[in-house]
Trainee: 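Quick one: the structure is below, questions incoming.
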Number of protein chains: 2
Amino acid sequence: MGSKERRGREKKELRQVILDAARELFLKQGYENVSMRKIANQIEYSPTTIYLHFKDKVDLLHCLCHETLSQLVKAFAALSQDMKDPVNCLRKGLRVYIEFGLKYPDHYKVTFILHPDHVDQPGQEIYEQTAAISEEAFGFLRLIVAECVRRKKFRKVDVETTSQAIWSAAHGVTSLLIAHHEFPWVEKNKLIDHLIEMLIKGLKA
Amino acid sequence: MGSKERRGREKKELRQVILDAARELFLKQGYENVSMRKIANQIEYSPTTIYLHFKDKVDLLHCLCHETLSQLVKAFAALSQDMKDPVNCLRKGLRVYIEFGLKYPDHYKVTFILHPDHVDQPGQEIYEQTAAISEEAFGFLRLIVAECVRRKKFRKVDVETTSQAIWSAAHGVTSLLIAHHEFPWVEKNKLIDHLIEMLIKGLKA
DNA sequence: ATAATAAGTTAACAGTGTTAAGTATAAGGC
DNA sequence: GCCTTATACTTAACACTGTTAACTTATTAT
């Protein structure tokens, strides 16, 4: 009867329980310092149960990554609805991006810092999915920059080059703050704001 | 007599052999995928011999970073001799930094990208050394930016914050060009120049 | 020659990701 | 009801990992 549906639902629930436990542990202790056994202990199942829901440890991280990337895209989508002030939209978008990275450093690492060739094998489903959603996210930046140029808020720069340069800068501060936390950084919000304003001033008409 | 010196020299030689093997393996397979046993196999010694020269695996990575940073510092030192046009000096310095990364992507990866966050344990000798040489390299950038502000080529920005923001941007484009080779980048020199000019325009008085 | 020192090794510990084989339990057909 | 079959989950094991302690071998100094 409906028992099949119930079992399928229970399976999905356990899957989510694993994802939640894994995310919490990854964020608290770092991906490398969390073992499958630790996750299993947390949810009070045997280690091998995880393998009934995920191919391996990397797959687990990728699913988390996909979850959070989707959130990033959603945040961008919400932002680009209101394009009355495209420059401010860009400002907010960059903030969202950088803070996303700082909030989910492990996810950011896998998606944007680690050599994708090491982690992903092209052709794998999860790889294509991640690539697609990344492209979708970058599309928002391209859109906003184009709007800034179209409305002559920015001087007549090449949209693609500018978008890539802006992404580079945003990625730079995000990844450095994540990876080199031993460096004597100035107050992080001050640094981020300064970088963003610098970029925008460098583009203004 | 001189036998003590010879033994000391032989010890240093083996140390360098280990470093070279480790760098090659780290670059080819990634830090996490290279075991002490793999390194030991490569140099045809037992795994524990490495521990006679390095405290642990992280120490090994730190020493490699130190080597790379020294090279970069030397390049910067040559540049900052001629400070007649500080803005152009900054331009050139950024070019040197980015092209250093693109020319020696392996070195750059190990030092600035691969750098795992659990590596840093304040109090350790090698930590202090790496921190010192990083500070030295960064000092050149700080110096140039300060000079730009002092001579009123730049508006009155905070030197430290600006320097950190500039480094972030330079690191961003370098690491992305290295790591995300599959992304449809515009012509790389165009991208680099555009970013540099954007930064400088955003700072000009 | 003998004692001391250093270099390098072997064996082991406690941990890792992952797989194959086994067990209990629930579902479906008769 | 009973039997078969599929599912959920566990146990045990494999081949690794970084690292330490104890041991052996070789070289030096007295």
Side-chain angles (χ1 to χ4, degrees), chain A residues 1-19 21-23 25-26 28-64 106 110 114 118-121 124 126, chain B residues 1-19 21-22 25-26 28-64 114-121 124 126:
Chain A
M1 304 280 106
S3 55
K4 204 152 198 173
E5 281 77 5
R6 199 205 68 222
R7 288 182 73 150
R9 203 174 56 239
E10 280 175 0
K11 186 158 188 177
K12 265 198 178 174
E13 275 170 18
L14 180 51
R15 193 192 139 93
Q16 196 56 50
V17 166
I18 296 171
L19 278 175
R23 182 194 292 107
L25 289 172
F26 285 169
K28 216 156 51 182
Q29 310 184 18
Y31 176 75
E32 303 293 346
N33 301 317
V34 173
S35 67
M36 297 301 253
R37 286 167 178 84
K38 275 189 192 170
I39 301 169
N41 260 334
Q42 180 88 353
I43 60 172
E44 298 184 292
Y45 277 82
S46 91
T48 49
T49 298
I50 301 172
Y51 289 90
L52 300 173
H53 297 87
F54 301 94
K55 194 182 147 290
D56 50 29
K57 198 183 170 189
V58 167
D59 185 33
L60 203 47
L61 185 54
H62 268 119
C63 289
L64 290 174
D106 284 306
V110 169
L114 288 186
H118 276 188
V119 181
D120 298 303
Q121 304 287 345
Q124 277 191 288
I126 187 70
Chain B
M1 299 291 104
S3 53
K4 201 154 200 172
E5 282 77 5
R6 199 205 67 222
R7 287 183 72 156
R9 203 173 56 239
E10 280 175 358
K11 187 159 187 178
K12 268 198 177 173
E13 277 171 16
L14 180 51
R15 195 191 136 92
Q16 195 56 51
V17 166
I18 295 171
L19 278 174
L25 288 173
F26 285 168
K28 219 156 47 180
Q29 310 184 16
Y31 176 76
E32 303 293 346
N33 301 318
V34 173
S35 67
M36 296 302 251
R37 287 167 177 83
K38 274 188 192 170
I39 300 170
N41 260 333
Q42 180 90 352
I43 61 172
E44 298 184 292
Y45 277 83
S46 91
T48 49
T49 298
I50 300 171
Y51 289 90
L52 300 173
H53 297 85
F54 301 93
K55 195 185 149 291
D56 50 28
K57 197 183 171 188
V58 164
D59 185 32
L60 206 45
L61 182 58
H62 263 302
C63 290
L64 290 175
L114 208 94
H115 194 112
D117 53 351
H118 64 271
V119 156
D120 309 297
Q121 240 127 24
Q124 281 190 283
I126 186 66

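Every chain is numbered from 1 and lettered A, B, ... according to where its sequence line falls, protein lines coming before strand lines. This one's a predicted model, so the numbers in the text were calculated from it and none came from an experiment.
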Trainee: To the nearest angstrom, how far is B:Lys12 atom NZ from C:dA6 atom P?
Mentor: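 Distance check: B:Lys12 NZ to C:dA6 P gives 17 Å.
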Trainee: Rounding to a whole Å, what distance do you find between A:Tyr51:OH and C:dG17:P?
Mentor: 6 Å
Trainee: Between C1' on D:dT10 and CG on A:Leu52, what's the gap in Å once rounded to a whole number?
Mentor: 10 Å
Trainee: As a test of reading the structure: which of D:dA12, C:dT9, C:dG17 is closest to the side chain of B:Thr49, going by heavy atoms?
Mentor: C:dT9
Trainee: Using a 4.0 Å heavy-atom cut-off, does B:Leu14 contact any base of the nucleic acid, only the sugar-phosphate backbone, or nothing at all?
Mentor: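 B:Leu14: backbone/sugar contact only, no base atoms under 4.0 Å.
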Trainee: Grab the two heavy atoms, one from A:Asn33 and one from A:Lys38, that are nearest each other, plus how far apart they are.
Mentor: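 Between these two residues, the closest heavy atoms are O-NZ, 2.8 Å.
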Trainee: How close or far is atom P of C:dT16 from atom NZ of A:Lys38, stated in whole angstroms?
Mentor: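 About 6 Å, once rounded to whole Å.
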Trainee: What is the distance, rounded to the nearest whole Å, between atom CD1 of A:Ile18 and atom P of D:dA8?
Mentor: 12 Å
Trainee: Check whether any side-chain heavy atom of A:Tyr45 lies under 4.5 Å from a side-chain heavy atom of A:Leu14, and answer yes or no.
Mentor: yes
Trainee: Using atom CD of A:Gln29 as one end and atom P of C:dG15 as the other, report the distance to the nearest whole Å.
Mentor: 14 Å
Trainee: How close or far is atom C1' of C:dG17 from atom OH of A:Tyr31, stated in whole angstroms?
Mentor: 9 Å
Trainee: When the distance from CD1 of A:Ile50 to P of D:dC9 is rounded to whole Å, what number comes out?
Mentor: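 Computing the A:Ile50:CD1 to D:dC9:P distance gives 12 Å.
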Trainee: Taking only the side-chain heavy atoms of B:Thr48 (C-beta and beyond), determine which of D:dT11, C:dA11, C:dT18 contains the nearest atom.
Mentor: C:dA11
Trainee: According to a strict under-4.0 Å criterion, is B:Ser46 in side-chain N/O contact with OP1 or OP2 of C:dT10?
Mentor: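 Answer no for this pair, as no side-chain N or O of B:Ser46 is under 4.0 Å from OP1 or OP2.
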Trainee: Going through the distances and angles, do B:Met36 and B:Phe54 end up as a side chain to side chain contact (heavy atoms under 4.5 Å, CB included)?
Mentor: CA-CA 11 Å; B:Met36 296 302 251; B:Phe54 301 93; over 6 Å; no
Trainee: Could you say whether A:Asp56 or B:His53 is positioned toward the 5' end of DNA chain C, judged by the nucleotide with the nearest heavy atom to each?
Mentor: B:His53
Trainee: Using the rule given for side chain to side chain contact (heavy atoms under 4.5 Å, CB included), can you reason through A:Cys63 versus A:Arg15, listing the C-alpha separation, both sets of side-chain angles and the distance that settles it, and then say yes or no?
Mentor: CA-CA 11 Å; A:Cys63 289; A:Arg15 193 192 139 93; 3.8 Å; yes
Trainee: Heavy atoms from C-beta onward define the side chain here; which of C:dT19, D:dC9, D:dG18 lies closest to that of A:Tyr45?
Mentor: D:dC9
Trainee: Whether the side chain of A:Arg37 and the base of C:dG17 hold a donor-acceptor pair under 3.5 Å is what I'd like checked.
Mentor: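 For A:Arg37, whose side chain was compared with the base of C:dG17, there is a donor-acceptor pair (under 3.5 Å).
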Trainee: Kindly indicate whether a cation-pi arrangement holds for B:Lys57 with B:Tyr31, taking the cut-offs as under 6.0 Å to the six-membered ring centre and within 45° of the axis.
Mentor: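 Satisfied, under 6.0 Å and within 45°.
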